[in-house]
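Heavy-atom basis, side chains included; hydrogens, waters and symmetry copies ignored. First the proteins, then the strands, lettered A, B, ... as listed; each starts at 1.
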2 protein chains.
Amino acid sequence: MTGDTQSWRRAAPASPVTLDDVARRAGVSLATASRALGEHPHVAAATRARVREAAEALDYVASPEAARLAGGPTGRVAVLVPHPSRWFFGELIEGLEAALRAADLDLVLFRVGGPEERAAFFDRLPARRKVDAVVVLAVAVDDAEHARLASLGVDVVVAGGRVAPYPSVGIDDHGAGRQAMDHLLHLGHRRIGLIAVDDDARASAWRTALADAGIEPEDELATTVAWGGEGGAEGMARLLGLRTPPTAVFAHDDETALGAIRTLRRAGLRVPEDLSVIGVDDHPLAALTDLTTVAQPVREQGRRAGELVAAALRGDLQEPLAEVLPTRLVLRGTTSPPGAPR
Amino acid sequence: MTGDTQSWRRAAPASPVTLDDVARRAGVSLATASRALGEHPHVAAATRARVREAAEALDYVASPEAARLAGGPTGRVAVLVPHPSRWFFGELIEGLEAALRAADLDLVLFRVGGPEERAAFFDRLPARRKVDAVVVLAVAVDDAEHARLASLGVDVVVAGGRVAPYPSVGIDDHGAGRQAMDHLLHLGHRRIGLIAVDDDARASAWRTALADAGIEPEDELATTVAWGGEGGAEGMARLLGLRTPPTAVFAHDDETALGAIRTLRRAGLRVPEDLSVIGVDDHPLAALTDLTTVAQPVREQGRRAGELVAAALRGDLQEPLAEVLPTRLVLRGTTSPPGAPR
DNA sequence: TTGAAAGCGCTAACAG
DNA sequence: CTGTTAGCGCTTTCAA
């Protein structure tokens, strides 16, 4: 590093080598050089080799701007994220980043959390002309938004969920809910509470699992809360306020479940002796807190979604396939048969 | 939404609105429109207003490629993140995204965890500027990398830490460590353990705080572990293995602290009655688990860093200032005087 | 203060 | 198979 006091400031960029230089050195026309470097079909092998050599020697790096301007792809993918700071989305992003990087695509992040942000994105479409594809992370896209997305003229892939007509990669949320519920039912619980975050597939799994077990789902046992630990804590408090509280609770996700457990501890109740709790995700803290849960491969969902985008951009994606990755019950210490002594 | 089975595929892009269209609608020349939209000086206020109005009405989005090709900025900022899925970095990203968006800058995410990924970034960002600036999130930048960045002609800002000559925004890590240590010392602890993740400022605060209190820092009381809950658990296990275990522990961060507490619980020890634990961050789970900690404004650090970049790109940043945001001790339930009954 | 015109570096027809 | 020729959309001299 220079001792220059101004060294933190930007210096002058290095001299640029253009395709023209490469073409000249290889003794071909600019157009041929372009074709040779791109994976174009009709180029003599020898020519191609010569051009590549020249490019190599000159340490040539193409200008993405110029390429794009002339009609090529941008080499960029927009990623729509509602909550970047949540573990789930962070994992999704890590997986995506890895796959996109491997495909030589840059990841441009757009946060679309609240309604204003959504509106800001879909109305203004700041991604216009800036990306080749859009990856939507676990957010529902309504018809109007879908229409806007379509007007972008880019490929769309969904990760961590499933949205109408787009290719997607996610888990079977209903199935995951069933795994959790069936586990509780197997243990012998009949009065099972639900702490939902949305009226989603996991919530509906609660109903159908109960119904299938010949138990009438009671509305008072289902409560919907804001996402997160605090929400979970509040939901559990509500359930404890019931004349007859449940003997087990299925929480929307691990963080919500952890919140529920806090409420139980504060109320002097033991988990799982007095009440069983199960979540979904297999968040790192679930292992740490010995939380029984239904694990889902989050990073993998991101990775696959990234691969799907890459394939779509190559034109290799024929059908809007919806990939469903497996979930699995992880037995730990927060569930046991009802009224189990110790 | 169309019922077309192919509707998931990219549709034809909506006709792109060019600067030309804006200029025409505003009744000025292309050049004037460009100047009006850019913050150029010599444009009549009325003209500028008219052009802006036209742009607004037409929902105009500039083509970054064309702008860049013609010598302008890219309107993009690279963000280097080591671990996107960790809460700390997610928060930083949320803050950054908000600030960059407000400045009309796009955020391009690059993960730079291991050495290979770093190399990939510094090699590939190459020669051609894909971004106008780089925000480095809490990672060290070596001299070669620094040189590379400088030669690319991009501005650099650091968030969540402090790196050599760059403008940065972070906290006083040593100070935060002192807040934690002083709290423990105030409570009367003399034998205080350290679970470090690095040989960093927080770790050094452990030493100086003890020394200042007239206590000789014993090496066996300081243990370094891998980041995260598992690391914390392991570190605590090591400390418990000592002939004379500490009566309190300062953990590098909340997640590490949570891991330590797990080990204590499993060992049948009570927190804080048998052993006090304090972390740093004020992670959402800290509130949930009643963990005493030193809070730092993470999202705010990201936000400020974003503002700094925007300023630097406008040329409004005169000096490489290093902003230090305040931390504060958050008293909760995992610390108490040593040997405190109940 | 504004307009006209010249590229920025590359890709994609269209000829040869 | 390869060369020629237009632009892509924007920022900038250079004049007016």
Side-chain angles (χ1 to χ4, degrees), chain A residues 13-52 54-55 58-76 128-132 153 313, chain B residues 12-52 54-55 58-76 104 126-130 132 153 313 315:
Chain A
S15 67
V17 176
T18 73
L19 225 203
D20 226 29
D21 300 325
V22 175
R24 201 153 348 179
R25 189 179 218 271
V28 297
S29 77
L30 209 186
T32 302
S34 172
R35 284 187 285 248
L37 260 23
E39 308 293 273
H40 272 76
H42 301 289
V43 191
T47 310
R48 178 164 315 209
R50 201 139 35 80
V51 174
R52 287 206 173 139
L58 262 32
D59 211 26
Y60 167 76
V61 181
S63 157
E65 344 294 335
R68 171 63 187 129
L69 195 51
T74 67
R76 258 172 263 135
R128 221 173 337 161
R129 301 160 119 184
K130 294 179 180 167
V131 298
D132 302 326
L313 291 179
Chain B
S15 63
V17 177
T18 74
L19 225 204
D20 226 29
D21 300 324
V22 176
R24 200 152 350 182
R25 190 179 216 271
V28 297
S29 77
L30 210 186
T32 302
S34 172
R35 284 187 284 247
L37 259 24
E39 310 289 271
H40 271 76
H42 299 288
V43 189
T47 310
R48 178 164 314 207
R50 204 138 35 82
V51 173
R52 287 205 173 140
L58 260 32
D59 218 22
Y60 169 74
V61 175
S63 158
E65 338 295 337
R68 173 74 190 113
L69 192 53
T74 66
R76 259 171 256 139
D104 217 43
R128 299 337 182 105
R129 273 223 333 275
K130 289 173 130 177
D132 301 327
L313 291 179

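For the pair L19(B) CG and dT11(D) P, the interatomic distance rounds to 6 Å; values are reported in whole Å. Taking atom NE2 of H42(A) as the reference point, atom P of dC14(C) lies 15 Å away to the nearest angstrom. Following rounding to the nearest Å, L37(A) (CG) and dT11(C) (P) show an atom-to-atom distance of 8 Å. Taking atom CD of E65(A) as the reference point, atom C1' of dG9(D) lies 13 Å away to the nearest angstrom. Spacing between atom CG of L58(B) and atom P of dG9(D) amounts to 14 Å, rounded to whole angstrom units. One interatomic measurement links the two molecules: CG of L30(B) to C1' of dC8(D), which rounds to 13 Å at whole-angstrom precision. In this entry the distance linking CG of D20(A) with P of dT5(D) reads 14 Å, nearest Å. Atom CG of L69(A) is separated from atom P of dC8(C) by 13 Å (rounded to the nearest Å).
Between atom CG of residue D20(B) and atom CZ of residue R25(B) there is a gap of 14.5 Å, rounded to the nearest 0.5 Å. Expressed to the nearest 0.5 Å, how far CG of L69(B) lies from OG1 of T74(B) amounts to 12.5 Å.
Side-chain contact between R52(B) and L37(B) is present, with heavy atoms from C-beta onward closer than 4.5 Å. Taking the side chain as every heavy atom from C-beta outward, R76(A) and R76(B) approach each other to under 4.5 Å.
Annotation: the terminal axes of the helix from dT1(C)-dA16(D) to dG16(C)-dC1(D) meet at 30°, where each axis is the rotation carrying the C1' atoms of four end pairs onto the next four (5 pairs per end, rounded to 10°).
Of the candidate nucleotides dT2(D), dT1(C), dT11(C), dT2(D) has the atom lying nearest to any side-chain atom of A44(A).
Sorted by residue number, the list of members of residues 22-29 of chain B with any non-hydrogen atom under 4.0 Å from DNA chain D is empty.
In terms of heavy-atom proximity, G75(B) sits nearest to D132(B) at N-OD2, 2.7 Å. Taking every heavy atom of both residues into account, A54(A) and A26(A) meet most closely at CB-CB, 3.9 Å. The two atoms that bring L58(B) and V17(B) nearest to each other are O-CG2, 3.6 Å, heavy atoms only.
Applying the 4.0 Å criterion to OP1 and OP2 of dT11(C), one finds that S34(A) has a side-chain N or O inside that range. Residue H40(B) has a polar side-chain atom (N or O) positioned under 4.0 Å from OP1 or OP2 of dT12(D). Distances shown here put a side-chain N or O of T47(B) below 4.0 Å from the OP1 or OP2 atom of dT2(C). The side chain of T32(A) places an N or O atom within less than 4.0 Å of a non-bridging phosphate oxygen (OP1 or OP2) of dG3(D).
Nearer the 5' end of DNA chain C, as judged by each residue's closest nucleotide, is the contact made by A33(B), out of A70(B) and A33(B).
No side-chain donor-acceptor contact under 3.5 Å links R35(A) to the backbone of H42(A). At least one donor-acceptor pair under 3.5 Å links the side chain of R48(B) to the backbone N or O of H40(B).
For dG3(D), the base has a donor-acceptor partner in the side chain of R35(A) [N/O atoms by modelled type, under 3.5 angstrom].
Within 4.0 Å (heavy atoms only), A31(B) reaches at least one base atom of the nucleic acid.
The residue from T47(B), V22(B), V43(B) that alone fulfils the side-chain contact (heavy atoms from CB on, under 4.5 Å) condition with V28(B) is T47(B).
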